Amino acid sequence: MSVLTVAASATVGSLSYASNISSVRVDLALAPGVASALLVLPRDLRVEAEPGEDVEIALRGEGEDEVRVFTGTVQAVRRSLGEVTVICGDAAAALAGIRTGATFEQQSAGAIVRALIREAGARAGTVDLDLDLVTYVAHQGRTALEHVATLAGWAGAIASSNPDGGLDVLRFPSPPADVALRYGREIAELTLTAGQRSADVALAGSGPAGSTSAPGARRQSTGVVPSDAAGPDATTVREAAPALRTPTAVSGATRARNARNGAPRLTGGCWLVPGLRAGTTVEIADAPRPGAAGPWLLTRVQHRVGPGARGLTRFEGIGLAATGGGALGALLGAAGDAFGGLP
């Protein structure tokens, strides 16, 4: 019987660690969830970590090359009698830590997201959003990360940190899947949940204007935009979105909001697969249950290594091929549920 050999390495500030790491846990999530890392080191090891220092963590699965899985900063250092625990957060955590109170005029959603990332002192990765806005108020009732998640949702996109520490905002993916996993090889555990379709959301904009550059684009209307918006009723909930000032923008954001209402969810566990991240799409070969093959969009991933040469990856996902129409509602719930935030 072969023994799986996995490994972890980390750099915290100017010090590097490898075989002397007791254990590592890395949690990855789509916004408004954040990625976090928990690095446990022996008490007698030299640990000079301070909040704000840079952190990089890499993992290696059986027969694989080392893969960087986390880049962020130290959030806290906990010292006990037997060990030192370094708690880390990513770029999304930096955005979750501020409430900006900024107003933007005649800027695209992508430009607003980049401005929020800069204000948080984080780094932008790939930001691909197709949505022009007349005005947008990043009010302090939400964190900067929640504003990013809202803008991404209106544009049919998802946001998450990449392995190099930047925040990516990418269009909602479509088949084919990025990665193929096999049940009975990598995967040892699968749970499939099929839920009832919930009420759709009808976004209610304020305008109206034919384009964001029209003279009346700033003028608020007393009615709902678009005028034929569904609901409110037993199956449709209206939600105010005054930043959306054109019928086209409202209709597109509403479609994105309800794109996968009723989509199935998947949870599973496998041996350590460091390449899996929130935002990765996977399909499962030899799935033991009908409908479990996918493809699936991973909304949350957890990697664990240690104590010793033990490694495990757990994941949650949402179906890409659902027959129903609320990716965002289902997605935000999925991103915020499973493995918890910063330890």
Side-chain angles (χ1 to χ4, degrees), residues 30-32 91-92 94-96 98-160 166-172 200-231 237-259 326-329 331-332 335:
L30 298 181
L95 282 153
I98 66 168
R99 295 177 182 267
T100 176
T103 298
F104 302 90
E105 297 185 359
Q106 294 291 354
Q107 295 193 41
S108 68
I112 296 171
V113 166
R114 291 187 184 93
L116 293 173
I117 293 172
R118 285 195 302 271
E119 187 165 358
R123 185 165 60 85
T126 302
V127 178
D128 183 12
L129 292 179
D130 183 16
L131 177 65
D132 292 327
L133 299 170
V134 180
T135 60
Y136 185 80
V137 179
H139 57 79
Q140 292 186 313
R142 294 178 178 173
T143 68
L145 184 62
E146 289 171 326
H147 285 295
V148 169
T150 295
L151 292 167
W154 285 352
I158 57 175
S160 63
L167 188 75
D168 290 336
V169 186
L170 304 171
R171 296 184 183 186
F172 197 89
D200 278 338
V201 171
L203 296 176
S206 180
S211 70
T212 56
S213 60
R218 294 176 182 273
R219 186 172 61 248
Q220 295 193 13
S221 64
T222 57
V224 174
V225 179
S227 58
D228 60 350
V237 176
R238 278 190 181 174
E239 181 178 301
L244 300 174
R245 296 298 181 94
T246 67
T248 300
V250 179
S251 298
T254 298
R255 285 195 301 271
R257 180 67 183 263
N258 298 308
L328 186 63
L331 208 54
L332 299 189

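Predicted, not measured: the structure shown is a model, and the values here were computed from it. Just so you know, residue 1 is the first one in the sequence shown, and it goes up from there. Computed from heavy atoms alone, side chains included, the values below leave out hydrogens, waters and symmetry copies.
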Taking [X] for the side chain and [Y] for the main chain, is one N or O donor matched with an acceptor at less than 3.5 Å?
| X | Y | value |
| --- | --- | --- |
| H147 | R99 | no |
| R114 | V127 | yes |
| D168 | S160 | no |
| R171 | A157 | no |

Check the pair V201 / T254 against side chain to side chain contact (heavy atoms under 4.5 Å, CB included), numbers first and verdict last.
CA-CA 7 Å; V201 171; T254 298; over 6 Å; no
Quick check for you: to the nearest 0.5 Å, what is the distance between [X] atom [atom1] and [Y] atom [atom2]?
| X | Y | atom1 | atom2 | result |
| --- | --- | --- | --- | --- |
| L116 | Y136 | CG | OH | 8.0 Å |
| R238 | D200 | CZ | CG | 13.5 Å |
| I117 | L167 | CD1 | CG | 4.5 Å |
| R255 | L203 | CZ | CG | 11.5 Å |
| T246 | D132 | OG1 | CG | 9.0 Å |

Over all atoms of both residues, closest heavy-atom pair of [X] and [Y]:
| X | Y | answer |
| --- | --- | --- |
| A120 | L95 | CB-CD2, 3.7 Å |
| G153 | A256 | O-CB, 3.3 Å |
| L131 | A249 | CD1-CB, 4.2 Å |
| A155 | D130 | CB-N, 4.4 Å |

With respect to L129, which candidate in I112, V148, L170, V169 satisfies the side-chain contact (heavy atoms from CB on, under 4.5 Å) definition?
V169
Can you confirm whether L133 sits close enough to F104 that some side-chain heavy atom of one is under 4.5 Å from a side-chain heavy atom of the other?
no
Side-chain heavy atoms of V137 within contact of T135, under 4.5 Å
no
Step by step, work out the side chain to side chain contact (heavy atoms under 4.5 Å, CB included) result for T143 and T100.
CA-CA 7 Å; T143 68; T100 176; over 6 Å; no
Verify side chain to side chain contact (heavy atoms under 4.5 Å, CB included) between Q106 and V134, making sure each step is shown before the conclusion.
CA-CA 5 Å; Q106 294 291 354; V134 180; 4.0 Å; yes
